[in-house]
Asker: 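Could you have a look at this structure, given as structure tokens, before my questions?
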Amino acid sequence: MAVIQRPLILDVEDKPKLFTGLFLSLQHVFAMFGATILVPVLLNMPVSVALLASGVGTIIYQIATRAKVPVYLGSSFAYIAAMQIAIEQMGGDISAAQTGVIMVGLLYIIIAGIIRFTGTAWVDTILPPIVIGPMIMVIGLGLASNAVQSAGFVMNSDWRTILVAVSTFLITAFVNTSAKGFMKIIPFLTGIVGGYILSMLLGIVDFTVVAQAQWFALPELYLPFETDTFNNYSFYFGPEAWAILPIVLVTVAEHVGDHTVLGKICDREFLKEPGLKRTLIGDGAATAVSAFFGGPANTTYGENTGVIGMTRVASVSVIRNAAFIAITLSFMGKFTALISTIPGAVLGGMSILLYGVIASNGLKVMIEDKVDFNQSRNLVIASSMLVIGLGGAVFDIAGFITLSGTALSAIVGIVLNQLLPKQETEED
């Protein structure tokens, strides 16, 4: 049974009116904000750099793809563990971590060059829908515990946290399903504003950081050379940096998966036009530039793809302007501080819906490709990937490289897909 796709309200090339477009872009900023700033928080990096890198990276991507794909780039979760290990092994020095991520970006570009001359057939062979689908599900469901904890659905949680999370979720859901006109296409922004107002009324918003912040502040960059203004690190090509490279396998698969999902939403084949060779260059160049300035790796953001899927607004113009807003925010100390006061409960309530949409899109990929689960091999591949990816499995290779979560799940899926014999469909 074919999946009936709702028509887009704004297609890729369409541009909304100024006022409408501003709110649509703000919605994308809010959608990416929680995850984008969480990565530098976990890595003890400046949030302002992550915001700057997110905006600049998205602009770089749009240039590389000739503004043909409505993708937003944000901080990648896939490299957190590898970067943390590299930083610990270097005694707190970020040189290995940043150099490793720069090499990751360059490797993306090399892969794009190979694809330019060899085509994408080998990518399709390695990453068919039966591998991509569960991988997307692992990405979405792997974040589920973060959303649940932020929403307060844990033992001994503050009732106010749960109330705010549930209210944010319900506002977003009802606006998306029942609202008319302009309100229908900004459900996440509406949900966040509603949840934030309720948080203030319940007294769980702390404005201390806003009072202490400056109105204008330069992003706290780290550069690979000494300056009088910014911090610095050194290029380092030791084993600690090289150990980060294997994660490329995961993020390239994630890249393909995100573009596949987005293509289904927009009824286009972005991996053919503008082509995987261009989208990989955009993603890789953005990651290398981010790391050069002391930021985390960038990646295509499923959160923003989820927003496009639910609002049916796929305008590249909206995405581009969201990137400019993120860049502006990285210089606005007071406003950035204000955004950071959004309680985790609000982001948790919204994330329950967003992460669920990501996971559901993985299922949708397999449904639309008509993956036959009566075939044992498909059942084995999908079930193995889900259990490995969501079960906390860890595979340590001689203490040099540690694979877990999405990375290990991706490798398991790719290997099983190549090893297990393919079964021919029996015709009645």
Side-chain angles (χ1 to χ4, degrees), residues 1-5 76-78 120-148 246-265 269-271 276 299-303 305-306 309 351-395 402-427:
M1 180 177 174
V3 175
I4 300 175
Q5 188 73 294
S76 173
F77 279 80
T120 61
W122 62 276
V123 178
D124 297 333
T125 300
I126 294 174
L127 299 171
I130 185 56
V131 174
I132 290 178
M135 194 178 301
I136 295 171
M137 294 178 71
V138 168
I139 292 170
L141 296 177
L143 297 168
S145 61
N146 293 335
V148 169
I247 310 298
V248 167
L249 179 64
V250 179
T251 50
V252 166
E254 182 182 6
H255 178 101
V256 172
D258 284 343
H259 283 78
T260 300
V261 169
L262 188 60
K264 299 292 184 184
I265 293 172
E269 294 187 38
F270 293 124
L271 297 180
L276 186 57
T299 188
T300 51
Y301 251 32
E303 288 89 339
T305 298
S351 296
I352 289 174
L353 191 57
L354 273 178
Y355 296 158
V357 169
I358 296 170
S360 298
N361 278 326
L363 185 61
K364 184 178 177 182
V365 166
M366 292 186 287
I367 291 174
E368 295 201 346
D369 194 67
K370 299 180 180 178
V371 173
D372 185 5
F373 279 99
N374 287 318
Q375 292 193 17
S376 299
R377 75 181 306 274
N378 291 336
L379 196 60
V380 169
I381 293 170
S383 58
S384 300
M385 290 181 67
L386 290 173
V387 171
I388 293 294
L390 301 175
V394 176
F395 183 59
T402 301
L403 299 173
S404 62
T406 309
L408 191 54
S409 172
I411 292 173
V412 168
I414 291 170
V415 171
L416 287 177
N417 183 58
Q418 299 301 315
L419 289 180
L420 296 179
K422 294 187 177 181
Q423 302 164 268
E424 295 192 11
T425 304
E426 293 183 6
E427 304 255 344

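Everything numeric in this text was worked out from a predicted model, so none of it was measured.
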Asker: How long is the span from the OH atom in Tyr301 to the CG atom in Asp258, to the nearest 0.5 Å?
Answerer: 11.0 Å

Asker: Which pair of non-hydrogen atoms, one from Leu416 and one from Arg377, has the smallest distance, and what is that distance?
Answerer: O-NH2, 4.1 Å

Asker: Which atom names give the shortest non-hydrogen contact between Met137 and Leu363, and what distance separates them?
Answerer: CG-N, 3.8 Å

Asker: Looking at Asp372 and Asn374, would you say the former's side chain and the latter's main chain have a donor-acceptor pair under 3.5 Å?
Answerer: yes

Asker: Once rounded to the nearest 0.5 Å, what's the spacing between atom CD1 of Ile132 and atom CD1 of Ile414?
Answerer: 9.5 Å

Asker: Would you give the length of the straight line joining atom NZ of Lys264 to atom CD of Glu269, rounded to the nearest 0.5 angstrom?
Answerer: 7.5 Å

Asker: Mind running side-chain contact (heavy atoms from CB on, under 4.5 Å) on Met366 and Ile130 for me, showing each step along the way?
Answerer: CA-CA 6 Å; Met366 292 186 287; Ile130 185 56; 4.2 Å; yes

Asker: Tell me, please, which residues at least two apart from Val415 pass side-chain contact (heavy atoms from CB on, under 4.5 Å).
Answerer: Ile411, Leu419

Asker: Would you give me the side-chain donor-acceptor pairs under 3.5 Å for residues 381-394, sequence neighbours excluded?
Answerer:
{"unit_1": "Ser383", "atom_1": "OG", "unit_2": "Leu379", "atom_2": "O", "d": "2.6"}
{"unit_1": "Ser383", "atom_1": "OG", "unit_2": "Val380", "atom_2": "O", "d": "3.2"}
{"unit_1": "Ser384", "atom_1": "OG", "unit_2": "Val380", "atom_2": "O", "d": "2.7"}

Asker: For a side-chain contact (heavy atoms from CB on, under 4.5 Å) check, start with the C-alpha distance between Thr299 and His255, then their side-chain angles and the critical distance, and finish with the verdict.
Answerer: CA-CA 7 Å; Thr299 188; His255 178 101; over 6 Å; no

Asker: Hey, is the main chain of Thr125 close enough, under 3.5 Å, to the side chain of Gln418 for a donor-acceptor pair?
Answerer: yes

Asker: For Pro129 and Val371, work out which heavy atoms get closest and say how close.
Answerer: CB-CG2, 4.4 Å

Asker: Applying side chain to side chain donor-acceptor pair (under 3.5 Å), name anything that partners Thr305, two or more places apart in sequence or on another chain.
Answerer: none

Asker: If every non-hydrogen atom of Asn378 is compared with every non-hydrogen atom of Phe373, which pair is closest and at what distance?
Answerer: O-CE2, 3.7 Å

